[in-house]
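Only a predicted model underlies this, so the values are computations on that prediction, with no experimental measurement involved. Each chain gets a letter, A, B and so on, in the order the sequences are listed, and its residues count up from 1.
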Number of protein chains: 2
Amino acid sequence: MNSVIVNKLRDLREAKRNESNNPELWTQEGLATRLGVTRQTIISMEKGTYNPTLSLAFKLANLFGVRIEDIFEYRDEKK
Amino acid sequence: MNSVIVNKLRDLREAKRNESNNPELWTQEGLATRLGVTRQTIISMEKGTYNPTLSLAFKLANLFGVRIEDIFEYRDEKK
DNA sequence: ACTTTACGTAAAGTATACTTTACATCATAA
DNA sequence: TTATGATGTAAAGTATACTTTACGTAAAGT
């Protein structure tokens, strides 16, 4: 709780959605299904600072074809 | 649950513990303290497949001076 | 013997990631 | 007007990461 994870999920997803010729793959629902999570989980993540499990982070990075650090940024709130 | 995270924590920690001139920094307890978790968490991780939060994975990578993928491996058990 | 250090185990509790269900809004199109 | 697709919100439930406490063992030093 003295550290925060921020992410660029929303922007990355919309970019994919615009580029893709299968845009429905990149809706919240499409993403969720392919990740094996629910749409609520996507919504929570896109909403702001959210600390997912490592396995979900890996799955996302794989789907987007980038590294974890390209989606998530770790911010240290050191005292 | 159709995917698994394996890690090399134990080996990496012991290596650090042997190299270091401050070995107590690399005991389970030393590691735990610096990560802001308990020794039980370290034990659970070293014990086998464990799916930590992304923030903990980032902290570990920073402490060990490596990338997340150098500690954790994502294995897809796809159907 | 005894103390200390590092590691192991077990069991119950807390926090939070993630689910489930249900209903609402808004744009677009028939 | 009615339908459909995509997003938003809210509330209660489940799974599991992580904590807390406590006790056990075994090695190494005194």
Side-chain angles (χ1 to χ4, degrees), chain A residues 1-63 68 71-75 77, chain B residues 1-63 68 71-75 77:
Chain A
M1 291 92 170
N2 51 348
S3 60
V4 167
I5 300 280
V6 298
N7 71 76
K8 304 172 181 156
L9 228 189
R10 183 64 178 250
D11 289 346
L12 288 172
R13 183 175 64 78
E14 304 238 290
K16 284 286 190 184
R17 191 157 144 68
N18 292 332
E19 299 164 0
S20 177
N21 38 10
N22 272 66
E24 69 272 18
L25 289 180
W26 299 100
T27 61
Q28 290 178 341
E29 179 117 21
L31 228 199
T33 302
R34 294 154 75 206
L35 288 169
V37 299
T38 63
R39 193 167 64 90
Q40 279 309 315
T41 299
I42 306 296
I43 292 177
S44 293
M45 298 187 79
E46 290 190 350
K47 220 168 183 177
T49 65
Y50 189 81
N51 189 14
T53 55
L54 183 56
S55 63
L56 183 50
F58 267 123
K59 285 181 194 166
L60 270 166
N62 288 343
L63 258 190
I68 288 180
I71 307 180
F72 297 96
E73 185 188 343
Y74 173 70
R75 288 193 183 155
E77 246 82 290
Chain B
M1 289 91 173
N2 52 348
S3 61
V4 168
I5 300 278
V6 297
N7 71 76
K8 304 173 181 154
L9 227 189
R10 182 64 177 250
D11 288 346
L12 289 172
R13 184 176 63 79
E14 304 237 292
K16 284 286 190 182
R17 190 157 144 67
N18 292 333
E19 299 164 359
S20 176
N21 39 10
N22 272 66
E24 70 273 16
L25 289 180
W26 300 101
T27 62
Q28 291 178 340
E29 179 117 23
L31 228 201
T33 302
R34 292 154 73 206
L35 288 168
V37 300
T38 64
R39 192 166 65 93
Q40 280 308 315
T41 299
I42 305 297
I43 292 176
S44 293
M45 298 187 80
E46 290 190 351
K47 219 168 181 174
T49 66
Y50 190 83
N51 189 14
T53 55
L54 182 56
S55 64
L56 182 49
F58 267 123
K59 285 180 195 168
L60 270 166
N62 288 343
L63 258 190
I68 288 180
I71 306 181
F72 298 96
E73 186 188 344
Y74 174 71
R75 288 191 184 155
E77 248 81 290

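If you run side-chain contact (heavy atoms from CB on, under 4.5 Å) between B:E46 and each of B:T41, B:N7, B:L9, B:L12, only B:L9 comes through.
Here C:dT5 presents its C1' atom at 10 Å from CD of B:E29, a figure rounded to the nearest Å. Rounding to whole angstrom units, CD of residue B:E14 and C1' of C:dG8 are separated by 14 Å. Between the CD atom of A:E46 and the C1' atom of D:dT7 there is a distance of 9 Å, given to the nearest Å. If you take CG of B:L60 and C1' of D:dA17, they are 14 Å apart, rounded to a whole angstrom. When rounded to the nearest whole Å, the span between CG of B:N22 and P of C:dT5 equals 15 Å. Here D:dA6 presents its C1' atom at 10 Å from CZ of A:R10, a figure rounded to the nearest Å. Rounded to a whole Å, the CG atom of B:L9 is 12 Å from the P atom of C:dC7. One interatomic measurement links the two molecules: CD1 of B:I42 to C1' of C:dT5, which rounds to 17 Å at whole-angstrom precision.
Nearest-nucleotide mapping onto DNA chain C: of B:I43 and B:R17, the residue sitting toward the 5' end is B:R17.
One finds a side-chain N or O of A:K47 lying less than 4.0 angstrom from the OP1 or OP2 phosphate oxygen of D:dT9.
Under the salt bridge (charged side-chain N to carboxylate O under 4.0 Å, His left out) criterion, B:E14 pairs with B:R10, not counting sequence neighbours.
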Between the protein and nucleotides 18-21 of chain C, list the N/O to N/O atom pairs that are separated by less than 3.5 angstrom.
{"from": "C:dC18", "atom 1": "OP1", "to": "A:T53", "atom 2": "N", "distance (Å)": "3.4"}
{"from": "C:dC18", "atom 1": "OP1", "to": "A:T53", "atom 2": "OG1", "distance (Å)": "2.7"}
{"from": "C:dC18", "atom 1": "OP2", "to": "A:Y50", "atom 2": "OH", "distance (Å)": "3.4"}
{"from": "C:dT19", "atom 1": "OP2", "to": "A:T38", "atom 2": "N", "distance (Å)": "2.8"}
{"from": "C:dT19", "atom 1": "OP2", "to": "A:T38", "atom 2": "OG1", "distance (Å)": "2.9"}
{"from": "C:dT19", "atom 1": "OP2", "to": "A:T41", "atom 2": "OG1", "distance (Å)": "2.4"}

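Expressed to the nearest 0.5 Å, how far CG of B:D11 lies from CZ of B:R13 amounts to 10.0 Å.
Base pairing analysis places C:dA12 opposite D:dT19; the two distances defining the Watson-Crick or G-U wobble pair are each below 3.5 Å.
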